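So the structure is just underneath, and the comments pick up after that.
So you know, we letter chains A, B, ... as the sequences are listed, proteins then strands, and number each from 1. These numbers come from a predicted model, not from an experiment.
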Amino acid sequence: MPPHRPTPNDTFYDLVYAFVRRVPPGRVVTYGQVALELGAPAAARAVGYALHYLSVSPPTDVPWWRVINAQGRISLKGRGAAADQQREMLEAEGVRFVDGRVDLGRYRWWPAEA
DNA sequence: ATCGTGACGAACG
DNA sequence: CCGTTCGCCACGA
């Protein structure tokens, strides 16, 4: 895990943040989808890595909670309360969870809609 | 230039 | 519907 990062503002990460900022409330996108939209189909993992830093530097205008995995589930690797918090944030926006999963066919957002 | 890292993901069994 | 395996990646060291 690359410790600290001052945010150069022109890296792949910044592109991730820019894209996620466009996701409207009550909608979601997947890590792989973001990577795809950014032209790096296989960089889903890097996307998650990028969002990881948001929790490190609190004040964020990036709606990171709207990014979930391809199964429509909240990714919970090395995060405690963050995961539960994410689900709460989404439900507060109206996103329904059925059996711990989100119906991507219904909540997934595509930039074309914007 | 090379390596380790992990909020991923598709493929298996 | 699990848990595992393996491939892929950007980034900092």
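Here the side chain of A:A46 is nearest to one of B:dA7, B:dG9, C:dA10, namely C:dA10. Distance from the side chain of A:Q86 is smallest for B:dA7 among the nucleotides C:dA10, B:dG9, B:dA7.
Atom CZ of A:F12 and atom P of B:dC8 are 13 Å apart (whole Å). Here C:dC9 presents its C1' atom at 16 Å from NE2 of A:H52, a figure rounded to the nearest Å. In this structure, A:Q33 places its CD atom 16 Å from C1' of B:dA7, rounding to the nearest Å. The separation between A:L104 atom CG and B:dG9 atom C1' is 13 Å, rounded to whole Å. Distance A:R73 CZ to C:dG3 P: 10 Å, rounded to the nearest Å. Here B:dT5 presents its C1' atom at 8 Å from CZ of A:R45, a figure rounded to the nearest Å. When the P atom of B:dG6 is taken as reference, atom CG of A:L51 falls 16 Å away, rounded to whole Å. Regarding A:Y13, its OH atom lies at a distance of 9 Å from the C1' atom of B:dT5, rounded to whole Å.
For C:dC11, one of the phosphate oxygens OP1 or OP2 lies less than 4.0 angstrom from a side-chain nitrogen or oxygen of A:T11.
Heavy atoms of A:Y31 sit under 4.0 angstrom from at least one base atom.
One P atom belongs to C:dC8, the other to B:dC12, and the distance between them is 14 Å to the nearest Å.
Between A:R22 and A:W109, some side-chain heavy-atom pair lies under the 4.5 Å cut-off.
Taking each heavy atom of A:A46 and A:Y13 in turn, the nearest pair found is O-CE1, 3.9 Å. Pairing each heavy atom of A:R108 with each of A:T30, the nearest pair is NH1-OG1, 3.6 Å.
When atom types are taken as modelled, the side chain of A:Y17 and the backbone of A:D61 share no donor-acceptor pair closer than 3.5 angstrom.
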